Amino acid sequence: MSLPKAYDPKAVEDSIYTMWEESGAFTADAHSTKESFTISMPPPNATGQLHLGHAVMLALEDIFIRYQRMRGKEALWVPGTDHAAIATESVVIKQLQKEGMRDPRKELGREKLVAKIAEFVGKSQNSIRSQIRKMGASCDWSRERYTMDPILNRCVNEVFVKMYADELIYRGHRIVNWDPKMQTTVSDDEIEYVEQKAPYYTFQYGPFQISTARPETKFGDKYVVMHPDDERYKQYKDGDTFVAEWINGPVTATVIKDKDAIDPSFGTGVMTITPWHDHVDFDLAERHGLQKEQIIGFDGKLLPIAGEFEGLSIEKARPQVVEKLKQKGLLVKVDENYVHRVAVSYRGKGIVEPQIKEQWFIDVNKPVVPWKRKKLSLKQIMQEVIRTKLISIIPERFEKVYFHWIDNLRDWCISRQIWWGHRIPVWYKKTDRAADMHVGVLPPKGEGWEQDSDTLDTWFSSGLWTWSTLVDPSLAESYDLSLDDLFKKSPDFQKFHPTQVMETGYDILFFWVARMILMTTYATGDIPFETVYLHGLIRTRDGKKMSKSDPETMIDPLDIIPKYGADALRLSMIVGQSPGADSRLYEEKIAGYRNFINKLWNASRFVLMQCDQAKTDPRTLTELPDSDTLSLADRAILHATEVLIEDVTKALEDYQLSDAGSRLYSFVWDYFCDWYLELSKGGANLSVLVHVLRRILTLLHPYCPFMTEEVWASVQPEGAGLLIAEDWPEVKAKQKDPGAFREFQILVDVITAIRKMRSEQNIEQGKNVHTIVYTKVYTKLMEKQAEHIKRLARVGELTIEKQPEKLPNVVSEFLPDIEVHLSLEGLIDVEKERASLAKEKEHLEKIIHSTEQRLQNQDFVTRAPAAVVEAEKEKVRTMKEKVGKIEERFNSLGV
RNA sequence: GGGCAAUUAGCUCAGCUGGUUAGAGCGCCACAUUGACAUUGUGGAGGUCACUGGUUCGAGUCCAGUAUUGCCCACCA
């Protein structure tokens with residue numbers, strides 16, 4: 001039984017993963033009687049490679065799921081991929097363009113392009129699958145789903161139809177964000193703003209002056225809006241009309257008074273509006289029932305309304321329009337330093353132009369959804385489930401952000417003019433579009449029906465992810481079943497929904513998490529998950545976002561794993577990261593955790609060698625000896641191990657993954673390796689040694705599944721199976737021994753003190769520390785380990801001239817009853833010692849005083865929990881005792 | 001403009017409901033090493049806890065303000 005000298009992840013990880021997979025440990029049983037624990041893996045976009053964002057997600061979720069599996073839950077982790085509508089389509093189109101195709105949409109047509117995209121998706125799904133495996137993710141591959149699977153498509157259609165029937169989905173002419181480059185609408189969340197310096201013009205418009213950065217949109221402006229209380233314009237009344245000379249001749253304009261849209265202190269306090277191309281103006285126009293006119297076409301070029309400018313792009317038209325107005329003497333001034341923000345598409349980076357278009361929307365304000373015996377709007381349900389804590393968000397502060405987002409939520413435009421995605425389940429009869437419309441899961445019977453050419457926003461299908469993945473795929477074509485029937489006939493849905501944890505990046509709280517809550521509460525009448533755990537972004541060493549364009553700081557998990565191992569990568573991302581906060585990652589950090597893993601690997605080797613020397617098979621060691629036959633070090637580490645189990649379990653229950661991880665790290669390195677194994681060199685109890693090692697491996701397994709599983713094979717108790725299927729340890733009160741632990745700590749302190757003495761500079765001939773401290777420690781505490789203290793401390797030849805300052809405190813504190821300090825007495829600087837004692841006494845008395853004061857406070861005594869009051873009283877007692885001792889010692893020093 | 005967060009050692013970060021001398025990892029310096037482990041061990045240097053006030057016997061921790069940084073939301077004609 002021997003392990004290689006250094007842990008080599010490359011050599012073992014893949015085969016261990018296969019072993020897990022073949023053992024069936026990943027596969028959950030829908031008919032099990034165990035309590036279920038489900039996580040839906042946020043499906044990576046099927047567009048390419050896994051990056052660190054995925055890696056951190058996989059690491060966190062794998063820890064959750066492995067922990068719960070070991071706790072004895074029926075643990076299910078559903079993997080999958082997302083078709084990522086617009087993202088994928090634009091990637092493939094770009095690729096085809098690179099290959100020489102000018103306009104793939106036109107050249108290929110719908111069917112062929114969709115086939116191309118599907119082919120591309122197939123390839124990248126394969127690479128994603130293998131990458132997820134590389135991370136050690138213990139997900140249930142037998143339940144892998146894809147957002148375009150037939151059953152998921154079925155669910156999408158069912159929900160659409162249901163929402164349509166409930167009048168939550170409607171079709172209307174509304175203002176949307178139009179991406180002329182991709183020729184599609186994009187959602188509010190898919191827009192980002194880029195700051196741009198653009199000239200800011202002020203023009204004369206009839207009797208008013210108006211300002212704009214976009215004169216090319218102003219052709220159709222025929223309303224001027226002002227605040228009703230604005231003194232400057234009180235002679236104008238709402239509805240007044242006037243004629244103004246404008247770009248292409250005179251126009252008749254109407255005065256509108258509106259108190260919400262206008263800030264009188266800004267600029268001239270007057271504006272004209274362009275309802276067709278501005279969200280705010282659109283709302284205003286709707287409020288006042290104003291006319292709207294399209295100025296810019298869907299191709300981004302000006303329409304006939306622009307007169308001589310028709311057909312020009314915005315960029316070209318702007319200077320020309322300005323020039324014309326200038327010549328007419330209508331240009332009042334130009335501010336060249338104006339900075340405004342331009343909306344660009346998150347995906348295609350094209351400039352987004354608001355447009356009015358006929359689109360499909362989800363109404364978020366209509367109170368028609370039954371929820372716990374009330375009728376609520378989707379917005380209200382989204383608020384309700386968080387407010388009532390049916391769903392809790394970690395960290396909590398994101399709840400505020402979430403509420404704020406909902407307050408500003410407008411109806412959700414769900415139709416997209418792209419081809420890749422779930423096609424809208426609506427059919428029109430060619431002859432009379434408006435009159436003959438069919439909304440249904442299946443196409444209507446009869447001739448002449450044509451399906452809506454639009455597809456659904458990708459978040460529509462992602463919003464169903466937690467449950468559409470659990471509906472039985474074999475029912476995809478059982479069209480006689482309703483949505484509720486589908487739920488009832490799906491064992492997975494019955495067993496595993498709602499899920500327990502949704503773990504994802506805070507950057508898609510709105511995109512996705514909120515939409516899942518919306519769609520799931522509506523469709524299933526239940527929440528999609530109980531807890532939302534939001535992780536932060538992984539940044540570079542300098543706190544910048546990692547990007548492919550900067551290979552210096554870019555960390556690719558696929559490079560890291562072969563080099564340092566998946567375990568090291570996992571630890572380096574988890575320890576030191578708190579939920580909702582960004583963290584930094586760089587190679588040295590990963591190397592540090594690789595060292596840790598190697599350290600434990602070697603510690604395990606050492607344990608195995610000890611067993612080997614004693615001709616004992618570690619696997620036969622299953623019983624712990626009675627505690628009174630054990631050495632102090634053994635009893636101490638057994639105690640510490642139990643406390644470790646307690647701490648780690650509690651931290652994991654509270655989703656404090658970083659805490660649990662660093663607790664394990666320091667236990668293994670600082671305590672198990674540096675102290676316990678060192679001391680055990682003088683004669684270890686193998687049962688204890690192996691027991692503690694097993695505990696460590698078990699507790700660490702969720703974090704470092706590969707290495708722990710590999711070592712486990714050598715030390716597992718007879719009859720045990722894989723570590724992945726091992727039970728999480730229970731705390732055993734019997735093995736706790738705080739007394740032994742404290743005593744051991746004393747020993748550690750004494751040894752440390754001796755080490756310090758050794759390193760003191762001015763050591764000369766004189767007293768022999770060895771004889772003073774070591775003999776006492778030897779006889780009193782550590783009979784078995786005496787030789788090793790000697791070895792550790794290396795005090796054999798050590799002699800001192802002067803007493804180092806820290807030693808007497810340590811020794812006198814812990815070994816007050818022996819002649820240690822008497823022997824040392826002559827070496828002590830009496831004045832210094834007295835001064836430090838006085839200081840300590842003063843300090844203690846202060847605390848005693850304040851605590852006593854608090855105890856006299858009736859408020860405190862009656863309101864605080866009894867245990868706290870007791871603890872305070874106990875504190876006073878022990879501190880008084882301490883003061884007594886200090887006084888005693890102080891007096892004994894006074895000569 | 002509104003909101004959220006952060007500011008602790010050269011770097012990356014812990015520090016829970018206030019309580020003895022503020023911790024860790026990396027880096028740095030010195031020493032050690034035929035030993036489970038150089039992917040190692042021991043020791044050391046290095047911090048006015050951003051600043052100013054306040055509450056308290058006691059503040060890195062609580063409160064108020066200031067500064068700097070980051071993020072989110074809304075956007076201005």
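Keep in mind the model is a prediction, meaning the values are calculated, not measured. Here is how names work: the chains are called A, B, and so on, in the same order as the sequence lines, proteins then strands, and each is numbered from 1.
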Under 4.0 Å, heavy atom to any atom of RNA chain B: which of residues 393-404 of chain A qualify?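 By residue number: A:Arg397, A:Lys400, A:His404.
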When you measure from the side chain of [X], which nucleotide among [options] comes out closest?
X	options	answer
A:Val280	B:U39, B:C76, B:A36	B:C76
A:Lys218	B:C37, B:A36, B:A77	B:A77
A:Phe510	B:C73, B:C71, B:A36	B:C73
A:Met271	B:A77, B:U39, B:A36	B:A77
A:Asp674	B:A36, B:U42, B:A77	B:U42
A:Arg605	B:U39, B:U12, B:C37	B:C37
A:Lys599	B:U40, B:C76, B:C13	B:U40

Just the rounded figure in Å: distance from [atom2] of [N] to [atom1] of [X].
X	N	atom1	atom2	answer
A:Ile574	B:A14	CD1	P	14 Å
A:Gln656	B:U17	CD	P	11 Å
A:Leu537	B:C4	CG	P	21 Å
A:Glu587	B:U12	CD	P	18 Å

Scan [X] against the nucleic acid and name what it touches under 4.0 Å (heavy atoms): base, sugar-phosphate only, or nothing.
X	answer
A:Ser578	sugar-phosphate
A:Gly269	base
A:Ser604	nothing

Just by modelled atom types, is the A:Pro354 backbone N or O under 3.5 Å from a matching donor or acceptor in the A:Asn177 side chain? no
Aromatic A:Tyr564 / basic A:Arg594 pairing, under 6.0 angstrom, 45° off normal: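 Geometry flag: not set, cation outside 6.0 Å or 45°.
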Ignoring backbone atoms, test whether A:Lys5 places a side-chain nitrogen or oxygen under 4.0 Å from the OP1 or OP2 oxygen of B:C37.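 Result: yes.
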For B:C26, what is the paired nucleotide under Watson-Crick or G-U wobble rules, both distances under 3.5 Å? B:G10
Show each protein N/O and nucleotides 24-29 of chain B N/O combination with a separation under 3.5 Å, one pair to a line.
none

